[in-house]
Amino acid sequence: MQRQAIIKKVVTENKITTQSQLLELLKKENVSTTQATISRDIRELNITKIEDSDGKSYYRILNNSVLGMKKKTEEERLSDIILETGVSLTQIEFTNLLTVLPGNGNAIGVLIDRVRAENNSKIVGCIAGDDTILILSKNKEDAQIVNEYFSQYLFQTS
């Protein structure tokens, strides 16, 4: 798909902070599209927002999707972004509180919801903010399983 190839190029070459800015840059490349299409393309291309050293958030392509690697599952995307941005994880009764680098909470919350739906997991739902995700389970035992799942990615060292 040519539009997605151009999106990859534009995201790689620019520090894009909003979808509106991305739409403007695409227009300069003679690509006319809608906000809804851009949102879908961002998801399909493993594009997420990260923070630079100045604290400004911008879009970038996760991992090697720019090189045309195989499409990742939602669970693989979730584990990758937690490895890259995870800060801490705390279990409190039937909940888990996952803290991540600023600007990543909402994207991770969306991925948690997708993985939950796909895997019929021990997660009932989640509430995500800028850098914190509250993950809800039915009971303390399910929350412990969820905690162990996220801990395997959060505390890995290379």
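All figures in this text were calculated on a predicted structure; none of them were measured in a lab.
The hydrophobic cluster containing L136 does not contain F150, counting ILVMFWY residues as joined when their side-chain heavy atoms lie under 4.5 angstrom apart, directly or transitively. No continuous path of ILVMFWY side-chain contacts below 4.5 Å connects I108 to L134, so the two sit in separate hydrophobic clusters. In the hydrophobic clustering of ILVMFWY residues, with side-chain heavy atoms under 4.5 Å counting as a link, V146 and L83 come out together.
Residues I16 and V10 are in side-chain contact: their nearest non-hydrogen atoms beyond the backbone lie under 4.5 Å apart. Counting heavy atoms from C-beta on, the side chains of I42 and Q19 come closer than 4.5 Å. Looking at D131 and N104, their side chains never come closer than 4.5 Å, going by heavy atoms from C-beta outward. Taking the side chain as every heavy atom from C-beta outward, I38 and I7 approach each other to under 4.5 Å. Proximity of N96 to L89: side-chain heavy atoms (C-beta onward) are separated by under 4.5 Å at one or more points. Proximity of Y59 to Q21: side-chain heavy atoms (C-beta onward) are nowhere separated by under 4.5 Å.
Q152 and E148 form no side-chain donor-acceptor contact under 3.5 Å, judged by distance and modelled atom types alone. Side-chain contact of T99 with T132: a donor-acceptor pair under 3.5 Å is absent, judged by distance alone. Donor-acceptor pairing under 3.5 Å is recorded for the side chains of D41 and Q4. A side-chain donor-acceptor contact under 3.5 Å links E75 and Y149.
The two residues S137 and I123 come nearest to each other via the heavy atoms OG-CA, 4.4 Å. For the pair V100 and G105, the tightest heavy-atom approach, listed with the atom from each and the gap, is CG2-N, 3.8 Å. Contact record, T95 with A143: N-CB, 4.0 Å, taken as the closest heavy-atom pair. Between A128 and G109 the shortest heavy-atom distance is CB-CA, 4.0 Å. Across K49 and S57, no two heavy atoms sit closer than the pair CD-CB, 4.2 Å.
Geometrically, K140 does not engage F94 in a cation-pi contact, judged by NZ or CZ lying under 6.0 Å from the ring centre and within 45° of the ring axis.
The existence of a salt bridge linking K8 and E13 is excluded, since no basic side-chain nitrogen approaches an acidic carboxylate oxygen closer than 4.0 Å. Taking 4.0 Å as the cut-off between side-chain N and carboxylate O, R116 and D113 count as a salt-bridged pair.
No side-chain donor-acceptor contact under 3.5 Å links E84 to the backbone of G86.
Here L97 contributes atom CG and N147 contributes atom CG; the two are 11.0 Å apart, rounded to the nearest 0.5 Å. In this structure, the separation between CG on L98 and CD1 on I112 is 6.0 Å, given to the nearest 0.5 Å. Between Q91 atom CD and I135 atom CD1 the span is 10.5 Å, to the nearest 0.5 Å.
Partners of R114 by salt bridge (Lys or Arg N to Asp or Glu O under 4.0 Å), not counting sequence neighbours, listed by chain and number: E74.
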Determine all donor-acceptor pairs shorter than 3.5 Å in which one atom belongs to a side chain in residues 22-34; sequence neighbours excluded.
{"unit_1": "E29", "atom_1": "OE2", "unit_2": "K9", "atom_2": "NZ", "d": "3.3"}
{"unit_1": "T34", "atom_1": "OG1", "unit_2": "T37", "atom_2": "N", "d": "3.2"}
{"unit_1": "T34", "atom_1": "OG1", "unit_2": "T37", "atom_2": "OG1", "d": "2.9"}

